[in-house]
Amino acid sequence: MAQKPSIPKGTRDFSPEEVLRRNYIINTLRHNFELFGFQPIETPSFENSSTLMGKYGDEGDRLIFKILNSGDYLNKVSEKTYESKDSNALTSEISEKALRYDLTVPFARYVVQHQNEIEFPFKRYQIQPVWRADRPQKGRFREFFQCDADAVGSDSLLQEVAFVQLYDSVFTDLGLKGALVKINNRKILSGLAETIGAADKLIDFTVALDKLDKIGEEGVIKEMLAKGITEEAIARVKPIFNASGSFAEKLSLLKELLVDSETGKQGIEELEYINTKIEALGLKTVGLDLDVTLARGLNYYTGAIFEVSAPEGVKMGSIGGGGRYDDLTGIFGLKNMSGVGISFGLDRIYLVLEELGLFPEQAIKGTRLLFINFGENEALYCLKAVQSLREAGITAELYPDAAKMKKQMSHADKRNIKFVVLAGTQEMEESVYTLKDMKSGEQHRVSIEGLIEALS
RNA sequence: GUGGUUGUAGCUCAGUUGGUUAGAGCGCCUGAUUGUGGUUCAGGAGGUCGUCGGUUCGAGACCGAUCUUCCACCCCA
């Protein structure tokens, strides 16, 4: 037997229906990105390893797909490296290119490389696949699309405000109600760590805090203790574990806690500014909420942190996220370039829309009209009508072979084509077409104009 | 990367303590029906039981390795 074909772990094929649905989401995103003044760019699917390595932490480096050098790469490895069997050392000698891990670092590289051509502030969007050598599970793949919008070269908090509006606009267009934009600020997290005397354990502190909704208060406390944060310190931040109420109420709780922290107070001011503006402008679909426990993993966020959660009742994690990073381009030598950006999780939005039945039928329709093929002469007669229909913007096609009627009709049925036309010698003599509605089974004879009218 | 889980027809799955020729439903093909699809009826094709190795007189079943599926952790969209 022939070898059973397969695709690599964590990758997927997409059927026509799936591609149409994905395109519907992508088109909605693209439309809104452009509406907000973002410009499209694209970057290569693989970069020099040096561009990517070390930007995502040790864990990230492990998850980057490396591309093997061409030629007799092993022959060029130094004896010392070869004999040491040190994977990391060997990797850098046999691989100098790697698949894109996200869109943010390539964007930073792009900005630095093209800084003299770019007009700042620069707002770009980018919708491309990225790759991670992760172990896949539900909603997590080794190849997936990121849909990013970032703005660099402006410190203004109005950018943050615009991103909240962008989320609102996109989810309004997609008809997805109940999504919640959660916002926090890295400075508040720093302030909290500072206030409790754990400034040196900021990362451990935030990682533990981020798990609150997953492992609960006890779990978080346990993890913090394990990381060496004292009981007194934990007791001081305990009020935020079950902070509730309005945005303003949570802010006032933070104000009390962070009264001695300059950094913390600055974070509060920023959140207050964003919230005030959003309240004045109003949101159509999404909600905006302050979530003090929001502490997304990426180390480079310095200000606002965003995360969008799916509507309640849908078993899905975040469907988007982002934040402000003050010095992303610094690693490539361009200082003082603040950026802020968000990302939409295409695959997860797809799963949510599917679960809630929110894909509009018109967005995913295929061919609407199939002409049955009775032979050479009849086919030509049909193609004339096909041509006219296509000129009128109606998707129509002729079955390519004069196959059995049953086969052709069944083909239309399986492809979910709503109408078929039967045109044989009788119809040709009278210059008409027999149009059949596949759902009702009704059929009648009409002219070309009649066809166009019926399908319009 | 750690721990667990899964793999039998195109798809979803049965398959008894290891014992002839491995089954079902759906789908597919042919016919009933030479200008009418879906429904119905009759017939038919399709399997190296993920792969490699081991135990055994005998393996779909037991053991090992490997790949794959899904889940939890780590991390993340």
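Sequence lines set the chain letters: A, B, ... in the order given, protein chains first and strands last, and positions in each chain run from 1. These figures come from a predicted structure and were not determined experimentally. Both backbone and side-chain heavy atoms feed into the values below; hydrogens, waters and symmetry mates do not.
For Met405(A), the side-chain atoms get nearest to rG35(B) when compared with the rest of rA77(B), rG35(B), rG38(B). Across rC74(B), rU69(B), rU30(B), the shortest atom-to-atom separation from the side chain of Gln137(A) is found for rC74(B). Distances were taken from every side-chain heavy atom of Lys406(A) (C-beta onward) to each of rC28(B), rC76(B), rG38(B); the shortest belongs to rG38(B). The side chain of Thr434(A) lies closest to rG35(B), out of rA77(B), rG35(B), rU68(B). Distance from the side chain of Arg132(A) is smallest to rC76(B) among rU36(B), rG38(B), rC76(B). Residue Arg140(A) places its side chain closer to rC76(B) than to any other of rG35(B), rG37(B), rC76(B). Nearest to the side chain of Lys404(A), among rC74(B), rG37(B), rU30(B), sits rU30(B). Residue Lys211(A) has its side chain nearest to rC75(B) when only rG1(B), rC75(B), rG37(B) are considered. Taking the side chain of Gln146(A) as heavy atoms from C-beta on, and the options rU36(B), rG38(B), rA77(B), the nearest nucleotide is rA77(B). Checking rA77(B), rG37(B), rC75(B) against the side-chain heavy atoms of Met409(A) singles out rG37(B) as nearest.
The cationic atom of Arg30(A) (NZ for Lys, CZ for Arg) does not lie both less than 6.0 Å from the six-membered ring centre of Tyr125(A) and within 45° of the ring axis. Annotation: cation-pi geometry satisfied between Arg124(A) and Phe107(A) (NZ/CZ under 6.0 angstrom from ring centroid, within 45° of ring axis). Judged by a 6.0 Å distance limit and a 45° cone about the ring axis, Arg100(A) is not positioned over the six-membered ring of Phe46(A). Taking the ring axis of Tyr433(A) as reference, the NZ or CZ atom of Arg445(A) does not stay both within 45° of it and closer than 6.0 Å to the ring centre.
rU20(B) and rU12(B) have their P atoms separated by 28 Å, given to the nearest Å. Remark: the separation of the P atoms in rU2(B) and rU21(B) is 43 Å, to the nearest Å. rG64(B) and rU55(B) have their C1' atoms separated by 11 Å, given to the nearest Å. Between rG15(B) and rC62(B), the distance separating the two P atoms is 12 Å to the nearest Å. One P atom belongs to rG60(B), the other to rG53(B), and the distance between them is 14 Å to the nearest Å. Comparing the C1' positions of rG46(B) and rC29(B) gives an interatomic distance of 10 Å, to the nearest angstrom. Taking atom C1' on both rU68(B) and rG50(B), the two are 7 Å apart, rounded to the nearest angstrom. Remark: the separation of the C1' atoms in rA9(B) and rG44(B) is 15 Å, to the nearest Å.
Asn373(A) and Asp401(A) are not linked by any side-chain donor-acceptor pair at a separation below 3.5 angstrom, with hydrogens and angles left out of the test. Checked by atom type, the side-chain pair Ser388(A)/Lys384(A) shows no donor-acceptor distance below 3.5 Å. The closest side-chain donor-acceptor pair between Gln126(A) and Thr43(A) falls under 3.5 angstrom. Judged purely by distance below 3.5 Å, without hydrogens or angles, the side chains of Asp102(A) and Tyr56(A) pair a donor atom with an acceptor atom. The closest side-chain donor-acceptor pair between Glu427(A) and Thr434(A) falls under 3.5 angstrom.
The CH2-C1' distance, from Trp131(A) to rC75(B), rounds to 20 Å in whole Å. Distance Lys407(A) NZ to rG35(B) P: 17 Å, rounded to the nearest Å. A straight line from NZ of Lys418(A) to P of rG38(B) spans 17 Å, rounded to a whole angstrom. One can place CZ of Arg415(A) at 14 Å from C1' of rG37(B), the figure rounded to the nearest angstrom.
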Which nucleotides of RNA chain B pair, in dot-bracket form (Watson-Crick or G-U under 3.5 Å, | meaning another strand)
((((..(..((((.....[...)))).(((((.......))))).....(((((..]....))))))..))))....

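Residues Tyr24(A) and Tyr350(A) place their aromatic rings such that the two centres sit no closer than 6.0 Å. Checked against the 6.0 Å centroid criterion, the rings of Phe371(A) and Tyr381(A) do not qualify as a close aromatic pair.
A residue-by-residue look at Phe374(A) and Phe145(A) shows that Phe374(A) has its nearest nucleotide of RNA chain B further toward the 5' end.
For Glu427(A) and rG35(B), a side-chain-to-base donor-acceptor distance below 3.5 Å is present, hydrogens and geometry of angles not being considered. Judged by distance alone with a 3.5 Å cut-off, a donor-acceptor contact links the side chain of Lys436(A) to the base of rU36(B). For Arg135(A) against rU69(B), no side-chain N or O and base N or O form a donor-acceptor pair under 3.5 Å.
Residue Gly375(A) is classed as having no contact, given no heavy-atom separation below 4.0 Å to the nucleic acid.
Annotation: proximity of residues 439-456 of chain A to RNA chain B (heavy atom, distance under 4.0 Å) is found for Lys439(A), Gly441(A), Gln443(A), numbered in ascending order.
The aromatic ring of Phe144(A) stacks onto the base of rA77(B), its centre lying under 5.5 Å from the centre of the six-membered base ring with the two planes under 30° apart.
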